[in-house]
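These notes are about the structure you will find just below.
Both counts, for ligands and for their atoms, begin at 1 and track the order of listing.
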Amino acid sequence: MFRLHPEVADAVAAGRPVVALESTILAHGLPRGDNRRIADEIEQRVRDGGAVPATIALLDGVVRIGLDGDQLDLLCSSDDIVKLSVRDLGPAIALGVNGATTVASTSALANAAGIGVFATGGLGGVHRGAGQTFDVSADLGVIARTPVLVVCAGVKSILDVPGTLEYLETLSVPVIGYRTDNFPGFYLSDSGQAVPWRVETPEQAAAVVRARRELGTDTAGVVLANPLPVDQQLDPELHDRTLAAGLQLLHDEGVSGKDVTPRLLEHFHSATHGESLRVNVDLVLSNALLAGQVAAALAAA
Ligand code: PSU
Ligand code: MN
């Protein structure tokens with residue numbers, strides 16, 4: 001029920017750098033027709049950074065750590081790919097389904113496979129109105145008990161960003177800005193919230209992980225927040241307009257639970273005529289490159 005792609009297995013066994021990649025972004029976060037090409041580009045960026053990519057998914061109830069081309073084809077085109085968080089893995093394996101892994105489940109499976117660095121687009125977080133709905137992404141709780149370094153572009157502004165940062169503090173998950181003092185806002189380079197720490201190089205990020213290992217405080221993961229350059233972000237005005245309409249649409253359509261994030265992403269992609277997609281792809285590629293570099297720095301030490 002747990003299979004490593006041969007290239008990934010060899011690299012893990014030899015202590016060479018490997019970067020885990022999630023598959024929910026491919027199956028549910030990016031539009032059909034673009035997702036398959038982007039999957040290859042993400043993996044190539046990890047290689048450019050100096051590491052072996054391992055995209056993670058569940059196929060016919062088997063956990064796959066590293067996918068081949070046919071498996072990526074299926075994940076990017078099939079209509080029966082279930083969005084799987086950690087709690088879904090047991091049932092999904094038992095019932096033999098095809099599923100895509102979120103940040104939470106990818107982190108857990110990467111750690112189980114001996115992979116310590118993971119690249120994604122945005123983290124799940126505390127949703128607006130969570131005081132009423134209790135909608136807090138499982139991503140946060142899982143990172144708090146899984147020793148992986150997650151490279152992301154912050155969280156989308158559809159979430160409660162200050163609330164998400166408070167929650168990560170409560171969970172003792174360090175949030176580190178990559179060449180920034182501010183937490184990125186996914187489509188936007190700056191969410192307006194400060195980060196407590198900042199590093200300038202992949203080597204410094206790797207040194208953080210090493211220090212935590214030596215101290216024994218690495219029972220939790222690390223969030224490395226990597227903003228897009230300002231000239232690549234979504235136009236803030238377009239962003240604010242699209243967000244307001246999107247929140248209204250979720251309300252009108254009665255969308256809740258795990259459908260919220262994919263529905264909102266879809267709204268952004270159509271309402272901005274692909275501009276948010278361009279930004280989304282740019283930031284994922286940037287995160288994949290940085291994760292490759294951090295994994296390489298960690299393996300070199
Ligand atoms: N954020 C994005 N794009 C995504 C996701 C998050 O900008 O595709 C996906 C990730 O897989 C993340 C999941 O783990 O959504 C969070 O879903 P939820 O909010 O239902 O926990
Ligand atoms: Mn949720």
Side-chain angles (χ1 to χ4, degrees), residues 20-32 34-35 38-39 42 55-58 75-76 81-89 99-110 118-144 146 148 150-161 163-164 167-168 183-188 191 221 223 225-228 233-234 239 242-243 246-247 250 255-269 272 276-288:
L21 298 166
E22 64 151 307
S23 45
T24 292
I25 187 174
L26 300 177
H28 303 288
L30 298 169
R32 292 289 162 79
D34 296 303
N35 55 357
I38 296 165
I42 297 170
T55 303
I56 295 180
L58 196 80
L75 190 73
C76 291
I81 307 290
V82 185
K83 176 177 166 184
L84 302 174
S85 192
V86 173
R87 69 170 189 165
D88 304 307
L89 291 172
T101 52
T102 64
V103 169
S105 49
T106 308
S107 300
L109 294 171
F118 167 32
T120 183
L123 284 188
V126 176
H127 283 255
R128 294 172 187 228
Q132 299 291 323
T133 64
F134 291 88
D135 189 353
V136 176
S137 177
D139 290 356
L140 304 185
V142 172
I143 291 170
T146 311
V148 287
V150 182
V151 182
C152 67
V155 300
K156 280 181 304 306
S157 42
I158 65 167
L159 301 175
D160 176 348
V161 180
T164 301
Y167 203 71
L168 287 167
F183 196 56
F186 194 72
Y187 294 128
L188 302 178
S191 70
V223 173
N226 181 33
L228 268 188
Q233 74 174 350
L234 192 63
H239 169 271
T242 308
L243 174 61
L247 292 172
L250 290 177
V255 180
S256 65
K258 68 183 193 179
D259 298 329
V260 168
T261 300
R263 182 68 189 94
L264 225 101
L265 287 166
E266 190 185 303
H267 164 71
F268 261 85
H269 296 334
T272 65
S276 75
L277 176 61
R278 194 269 306 158
V279 176
N280 200 337
V281 172
D282 283 359
L283 66 86
V284 175
L285 294 177
S286 167
N287 294 344

The one among V142, T24, L265 that brings a heavy atom closest to atom 4 (C) of ligand 1: L265
Among H127, K156, E22, K83, closest by any non-hydrogen atom to atom 2 (C) of ligand 1: K156
Atoms in ligand 1 flagged as close to T102, the criterion being non-hydrogen separation under 4.0 Å: 11 (O), 14 (O)
Donor-acceptor pair between T133 and H127 side chains, under 3.5 angstrom: no
Audit row: S286, N226, side chain to side chain donor-acceptor pair (under 3.5 Å) steps and yes/no: CA-CA 8 Å; S286 167; N226 181 33; 3.0 Å; yes
Nearest-0.5 Å distance that lies between atom CG in L26 and atom CZ in R32: 11.0 Å
contact_flag H28 ligand 1 heavy-atom lt 4.0 Å: no
Within reach of ligand 1, part of D139 (heavy-atom separation under 4.0 Å): side chain
Protein heavy atom at shortest distance from atom 6 (C) of ligand 1: G122 O, 3.3 Å
Element-labelled atoms of ligand 1 that are located less than 4.0 Å from some non-hydrogen atom of K258: 20 (O)
Atom of D135 closest to the Mn ion (ligand 2), considering N, O or S atoms: OD1
Side chains of N280 and K156 in contact at under 4.5 Å (non-hydrogen atoms): no
Ligand 1 N/O within reach of G257 N/O, cut-off under 3.5 Å: no
Passing option when L277 is tested against T272, D34, L265 for side-chain contact (heavy atoms from CB on, under 4.5 Å): D34
Atom 21 (O) of ligand 1 - nearest protein heavy atom and its distance: S137 OG, 2.7 Å
Any side-chain heavy-atom pair of F118 and I56 under 4.5 Å: no
Where C152 and L123 come nearest, the two heavy atoms and their spacing: SG-CG, 3.8 Å
Spacing of CG belonging to L250 relative to CZ belonging to R128, to within rounding of 0.5 Å: 11.0 Å
Within reach of ligand 1, part of N280 (heavy-atom separation under 4.0 Å): neither
Closest approach of any protein heavy atom to atom 5 (C) of ligand 1, naming residue and atom: T261 CG2, 3.8 Å
Any F186 side-chain heavy atom under 4.5 Å of I158 side chain: no
Test of proximity, V103 against ligand 1: N or O pairs below 3.5 Å: yes
